[in-house]
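Working notes, beginning with the structure itself.
Chain letters run A, B, ... following the sequence lines, proteins first, then strands; residues in each count from 1. What you are looking at is a predicted structure, and each value in this text was computed from that prediction instead of being measured.
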Amino acid sequence: MSTKDRIELLQGTLDLLILRTLQPGPAHGHAIAKAIERTSADVLQVEQGSLYPALHRLIKRGWIAAEDGTSENNRRAKFYRLTAKGRKQLSVETGKWDKLAGAIARILHSSMEEPS
Amino acid sequence: MIRRAPDLDDLDREIRDHIDEETQDNIARGMSEQDARAAAIRKFGNVTRVKEDVRGVWVPQWLEQLRQDARDAARYVRRNPGFSFAILITLTLGIGLTTAIYSVVNAVLIRPLRYEHPDRMVWLATVDRNNHEMMSSIDFGNWQSSASVAHMIAYDYVDSTVVAGGEASRLRIVQASDGFWEVTGAKPLLGTLPAATNPEVIVLTHRVFREQFNGDAKVIGRAVMVDGRQATIGAVLPDDFEPQLVTQQWRPGLDRVDAAAYRMMALTPPPKVFTPQTQVRLYQAIGEIKPGITIEQARAEIEANHAREQREHPTPFGSTAAVVVPLRDRIVGPSRRALAVLLSAAIIVLLMTCANVANLLLSRSAQRRKEIALRMSIGSGPLRVMRQLLAESLAYAVLGGVGGVVLASWLISIVVGLMGAAVPRLGETTLDLRVMAVAIVLSIGTALLFGVGPALALAFTRVQEVLKEGGRSVSASRRVLLTGRAMIGLQVALTVVLLTGAGLMAKSVWRMTSYPAGFAPGQILTMRMDFRGPQYRDQRARHDLAAALLARAKALPGVRSAALTSGGDSTTLILKEGDPMPPPPELRAIREAPSSSISADFGRLLGMSIVSGRWFEEIDTPNQVLINESLARRDFSDVDPIGARIRAFGPDSYGTIIGVVSDLKYTEIDADAKPEVFFHHADTFLFGITVIVQVDGDPMVAAPSIRKALSALDPTQTFYEVKTMEESLLQSIAPRRFNLLLLGTFALVALVLAVVGVYGLVAYAVAERTQEIGIRLALGAERARVVRMIVAQGMLSVVTGVIAGLAAAIAATRLIASLLYGIDPHDAATFAIATVLLSVIAFVACAAPAMRAAFVDPVIALRAE
């Protein structure tokens, strides 16, 4: 796997996490960042700013949509919600990720034999 | 699937809110407010980059970079107002002027004629040994059988009085023979075009249809009176129907027939035998050559045909030669040289523009060497730097181009407005986009070459070396200075050439319009009237009306003096009593003189004086004649003209010369005075009459009431060409004034460009030497000395240029000798004025930056690096 592909993977990972976070319902930017950190038990420390380019990337692909709403502390805020297309994408990506993670886990945890 | 970018403006708010919320969370975790905010910001990361990345999702990167470059370039243009102004004025003037002039030249010289087959159209005429052009119905009839010509059309025009619905107006009607519709490719907008057998059908131009008939389609079939005869309106032509028709040379000031309407004309058949009773008409003629036949072949055929006819059936017109030339040459012939001169001037200005742009950018890049090297070394990368320089150059080129377009359209409208009627086809000028493209591409090319080129060269040299030079890049700046000096010298030289040329033309026009004492054409009002309609078939009726007009004009309030003239468009053979009739070839020109029929006060009103003898009286003995000094000199050098009798008023009738009047150029001012002969208006046939009046105050203010009072004598007649005599004179030299206007503009622009160039070069030299000047001043050099040194260096290029320019001007002005009048092409005063003017202005352009340099504080100058 080349260096370029790895960056692609990381980027894709953030996208997947955002889609997953939005699955229960719409959320605004800070809430998404907080949710990712909290649910991953602070293991995934994303630079919060990089969330926004990712959100826009997803809007462009049509997986999520942005709409104006009011946040819990009564501020006007932009809420992001999953579109039908995004929902489908989430299940596809989740499936892929599970397969990939499973494969990698199998390789990492198996007793590797020396290649002859 | 393409999605529209969402509004990115609320991204700022979103990020702010995000950081605020994070801060609140941190405070909730127990941080101090300050720490909480700092941590939130840290955790968010680089806000600017986030914003750029978000934008980058929607906007392609190259577009984003382009925006950036454009912004940088715009900032650069704004932050360097002096430099920007110099380069923009150069580009605007260069592009604008060149395009405007080329558009004019294109309209007049190059654009095809409005004919069905413009390249096959020829002008047909005969010329006698004095180059008098004419086409008689006899020759035309004989030529019509030529095998090489598909259509041969005779035409003529009459200023007719057209009465439609009780209202009389004057329309110029072109009457043309069969084939006219075919060669012009006329397609009627309304109605049908009449056949050659239908001369009583009038075809209106769109202009007349619009302006005089309110664009009412019901005009077709309407009955009108044309010069007292019944006619009907048969068709209306489209707006773009404007075939270029040439007028005869002998109608000065009228190069183009501006037709208001057309009608067909029946040809007078050529006589088998020529007798004194044979009707001969004069036409103008054009022809369309058959496809596949060259003009040379057609000419050879017609010439042979004509020569044979002349041998076998001689006419009293004397021997003539056939003229078959491309119609385009005949139309633009007279202005060809002038246009060539203007085109050369345009090329000179364009060259100067490029030289100036190159010069300015070269000096600029030499100054920015260090900046550029520094940017490359801190990792901007040569590509990024180059792109920015490219953007700057393009910004100038685009701004200059826009300025040029605006200037060009403005200039064209001015030129057409001033001279549209005087120069054939000039009115058709439109902005020529191809030329504008060439001018802009040339300018952009220069801007890019000299704006980016030096940086490109820099990219391939080692950046560190440039930085080590510490800005004192002696070798580079010396190279720039040398190039710059050469270019300044060239510009100054070219400017001298243009200035002297324009100066000579200005002096020619000035010479023409310095009228002799006593002649005040601006105070004299003229109006023309023809005798139209059957009631004036009798000459007596004409004389009665003429006398009545004169009496009425004299009695009008505010009129100081009034007179009549037949207009001087006929010629008389001067033959002394007892002299034998000269053989036909000598009939014309050498023994002829223009003649007019005048009333008694004509000469005095204009400001002529009597040299010997006496004026006419209003009621005088019949058959008396006045001649002018030129005629007296030509034909009466050995005898006293007073009392001599010359042939006049008909084949066997003689008039007695009663007076010699001084020469006065009152119709043509760009030629020497011509011999002239005057008859009393009561003695001659009258075809038309010009009433001239001298009034108190502005003649054009008095004109409407005078016209009305005179029209009241016979409302069926119209007065036209109501204008001051000065206006007619200025119109007659309109092409010269046109050339002067254009060349003068060129010279001025060249002067501006040269000054900008000189100023730019000296300012650059000063900037380069700021440090050196500071040292000199600190060491006690006198300021005057510093100024002298800088000015002397600048003026060296100027003086070299002036000398080269004078040499070139001596050669060049000889080429425009034919465009001058009453002045030597090497007129010393003009050359001197041009030289002094240019030198003084160049001196100021040198002195300004030198003064600024000398009064700089040495401390600041030394710190500048």
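Considering all non-hydrogen atoms of both residues, Val54(B) and Tyr52(A) come closest at CG2-C, 3.7 Å. Shown here for Ala33(A) and His18(B), the closest heavy-atom pair between the two residues is CB-CE1, 4.0 Å.
The environment of Glu67(A) atom CD is dense: over 12 non-hydrogen atoms of other residues, nucleotides or ligands sit within 6.0 angstrom. For CD of Gln23(A), the number of neighbouring non-hydrogen atoms (other residues, nucleotides, ligands) closer than 6.0 Å is greater than 12.
Within the 4.5 Å cutoff, no side-chain heavy atoms of Glu21(B) are placed close to those of Lys34(A). At least one side-chain heavy atom of Leu11(B) sits less than 4.5 Å from a side-chain heavy atom of His56(A).
Note that CD of Gln48(A) and CD1 of Ile15(B) are 11.5 Å apart. Values are rounded to the nearest 0.5 Å.
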